[in-house]
Amino acid sequence: MSPSTVGGIPLSRIAAVFESESAEYARRHPRSLERAGHGIAGYYDGVPMHWMRDWPMPFPFVVEDARDCVLRDIDGNEYADFCLGDTGSMFGHSPPAVAAAITRQATRGLTYMLPTEDAIAVGRLLAERFGLPHWQVATTATDANRFALRVARAATGRPKILVFNGCYHGTVDETFVRLVDGRAANRQGLLGQVADLTQLARVVEFNDLPALADALSHRDVACVVTEPVMTNSCMVLPEQGFHSELRGLTRETGTLLLIDETHTISTGPGGYTRAHGLEPDLFVVGKPIAGGVPASVWGFTDDVARRLDEARAATPPGHSGMGTTLSANALALAAMRATLEQVMTPQAYAHMERLAGHLAAALQGSISRHRLRWHVVRVGARVEFICAPGPLRNGTEAEAAHAPALERAMHLALLNRGCLIAPFHNMMLVSPVTHETQVERLAAAFDAAGALLASG
Ligand SMILES: Cc1ncc(COP(=O)(O)O)c(C=O)c1O
């Protein structure tokens with residue numbers, strides 16, 4: 001590929017498409033431009049959260065409301081939403097059962113640091129669904145990962161964790177390590193990070209079993225933390241046998257295994273773990289678990305619980321370093337109960353799986369028709385197009401496959417055709433309330449955008 005092309009498309013054509021789509025976007029969003037386009041007063045950098053600026057459009061649009069998987073902005077535009085809050089609304093916006101549970105709880109107190117009937121029901125539901133006996137509730141997947149890693153260190157008495165290059169598990173400090181020319185280093189771009197994180201973490205490439213075996217042979221790793229499929233760069237699937245070898249190596253070396261299902265819960269009601277018979281010691285899922293109300297859960301085995309008990313018995317009383325005040329609040333547990341009982345159902349997943357299959361096939365058809373050397377990856381309801389040939393094997397290949405300028409132009413072209421997909425990567429989620437017609441709309445928009453870029 002010559003440097004003047006990205007993903008097989010000349011840079012000049014990408015720039016021209018982005019320019020014309022930006023003009024169209026501005027034309028369609030006069031009110032959003034006026035209200036938020038020049039920065040919203042009162043916020044540092046003009047937005048409530050910095051990544052609201054990182055979407056591919058020239059300025060963010062302002063949302064009027066969202067229902068099921070349709071999102072409307074204050075300019076009167078409607079979008080078929082395939083971003084779904086980057087998984088937080090994976091089951092659609094405001095599922096009726098969750099909205100009813102929130103409404104019910106709204107006048108009964110929102111947080112009081114004591115269990116409710118919903119909390120009692122949720123403990124059983126989590127154990128049944130995910131197959132682990134011990135659970136705790138936190139507010140974000142970041143928190144759940146942080147606490148689970150702390151337990152892993154307490155249970156094993158080992159200092160380090162191991163992550164795969166290119167991973168993301170939320171803003172957990174010691175997971176922010178990368179391989180740079182084969183050596184571990186702090187991830188580029190971290191602000192205010194004064195520690196050398198490589199003292200706390202080892203990092204190897206996903207799918208690299210010899211490197212994994214070598215890293216674990218030091219027997220100083222408390223826990224390997226991984227997504228079952230790498231979803232946070234371009235998607236990387238595990239190779240045949242990877243997960244069973246990973247489990248074997250962790251067991252041989254006395255290392256715990258934490259599976260982070262926050263995104264791969266797209267696979268099925270029990271996540272990729274249950275669908276593929278994985279056997280983690282610790283398990284985390286956040287984002288959609290309470291239907292969009294901030295909440296996460298982390299679970300572990302009897303063995304981890306026993307070792308945690310021993311560690312606690314040997315530790316003087318004091319703050320455990322885990323927990324936040326609003327964790328496991330009554331509102332979150334009401335929403336979680338409704339989600340587990342009525343929303344994350346096998347029927348919902350069957351619908352998601354079927355339509356996501358249609359979407360993936362349609363996108364792959366467009367890619368072939370336009371002779372693009374791109375590929376499509378799917379994990380259950382989660383579909384992604386990647387502007388490079390595949391399959392990708394690891395985080396380094398995934399990083400190299402990213403084509404930011406091209407992806408930006410694609411995202412904007414899709415948006416102007418009424419389809420919203422996730423920023424930062426090319427992810428599209430199919431929800432239980434996504435209609436076949438919306439999938440067709442996205443497939444047609446993708447085809448039109450591909451044609452625009454491929455033919456000039
Ligand atoms: C796999 C994974 N784990 C954890 C997180 C952190 O989730 P949160 O931002 O809700 O803390 C993310 C966020 O994208 C994620 O992708």
Side-chain angles (χ1 to χ4, degrees), residues 48-52 54-55 82-91 130 136-150 152 161-178 187 189-190 201 203 206 223-238 243 257-267 271-273 278 280 282-299 322-324 326-329 332 335-336 339 377 379-384 395 398-399 402 421-429:
M49 183 66 211
H50 64 78
W51 40 244
M52 289 185 186
D54 296 341
W55 285 77
F82 289 88
C83 169
L84 294 170
D86 194 9
T87 310
S89 308
M90 189 170 101
F91 304 107
F130 298 117
Q136 291 280 274
V137 177
T139 308
T140 64
T142 297
D143 278 346
N145 277 320
R146 253 178 342 107
F147 304 152
L149 289 177
R150 194 174 272 272
I161 61 159
L162 184 143
V163 295
F164 291 108
N165 191 38
C167 73
Y168 184 67
H169 298 285
T171 50
V172 181
D173 276 339
E174 66 265 43
T175 60
F176 283 140
V177 288
R178 287 287 184 270
R187 182 177 172 166
L190 297 177
V203 52
F206 198 68
C223 185
V224 172
V225 49
T226 186
E227 291 186 275
V229 170
M230 291 190 87
T231 68
N232 276 293
S233 183
C234 296
M235 269 208 296
V236 179
L237 299 175
H243 275 294
L257 176 62
L258 190 172
I259 298 282
D260 179 354
E261 286 271 9
T262 298
H263 279 175
T264 48
I265 192 70
S266 61
T267 313
Y272 192 98
T273 293
L278 307 188
L282 300 119
F283 179 100
V284 162
V285 60
K287 296 202 187 184
I289 194 72
V293 172
S296 62
V297 295
W298 50 291
M322 297 186 279
T324 59
L326 297 181
S327 294
N329 67 71
M336 202 185 297
T339 306
V377 195
V379 180
R382 190 181 179 93
V383 181
E384 188 172 303
E399 191 59 39
H402 258 308
I421 72 169
F424 320 135
H425 35 92
N426 307 325
M427 186 275 285
M428 295 147 286
L429 267 179

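Numbering of ligands and ligand atoms starts at 1, following listing order.
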Query raised in the report: If you count the atoms of ligand 1 from 1 in the order shown, which ones are under 4.0 Å from a heavy atom of Asn145?
Result: 3 (N), 4 (C)
**Report entry** Per-atom contacts of ligand 1 with His169, taking only distances under 4.0 Å to non-hydrogen atoms
**Finding:** 3 (N), 4 (C), 5 (C)
Query raised in the report: Among protein heavy atoms, which lies nearest atom 3 (N) of ligand 1, and at what distance?
Result: Asp260 OD2, 2.6 Å
Query raised in the report: Closest approach of Gly291 and Thr339, non-hydrogen atoms and distance?
Result: N-OG1, 3.2 Å
Report summary line: Under 4.0 Å from one or more heavy atoms of Asn232, ligand 1 contributes atoms 1 (C), 15 (C), 16 (O)
Query raised in the report: What do you reckon, does His263 have a nitrogen or oxygen under 3.5 Å from a nitrogen or oxygen of ligand 1?
Result: yes
Query - Thr231 N/O under 3.5 Å from ligand 1 N/O - result: no
Report task. For atom 5 (C) of ligand 1, grab the closest protein heavy atom and report residue, atom and distance to one decimal in Å. Result -> Gly170 N, 3.5 Å
Report task. Could you verify whether a donor N or O on one side chain and an acceptor N or O on the other, from Thr264 and Thr267, lie under 3.5 Å apart? Result -> no
Report task. May I ask you to check if ligand 1 and Asp143 share an N or O to N or O distance below 3.5 Å? Result -> no
Query raised in the report: Which heavy atom of the protein is the closest neighbour of atom 9 (O) of ligand 1, given with residue, atom name and distance?
Result: Thr142 OG1, 4.0 Å
Query raised in the report: If you round to the nearest 0.5 Å, how far is CZ of Phe91 from CG of Leu429?
Result: 9.5 Å
Report task. Write out the residue and atom name of the closest protein heavy atom to atom 10 (O) of ligand 1, then the distance separating them to 0.1 Å. Result -> Ala141 N, 3.7 Å
Requested in this report: Looking only at distances, please establish whether an N/O atom of ligand 1 is found under 3.5 Å from an N/O atom of Lys287.
Outcome: yes
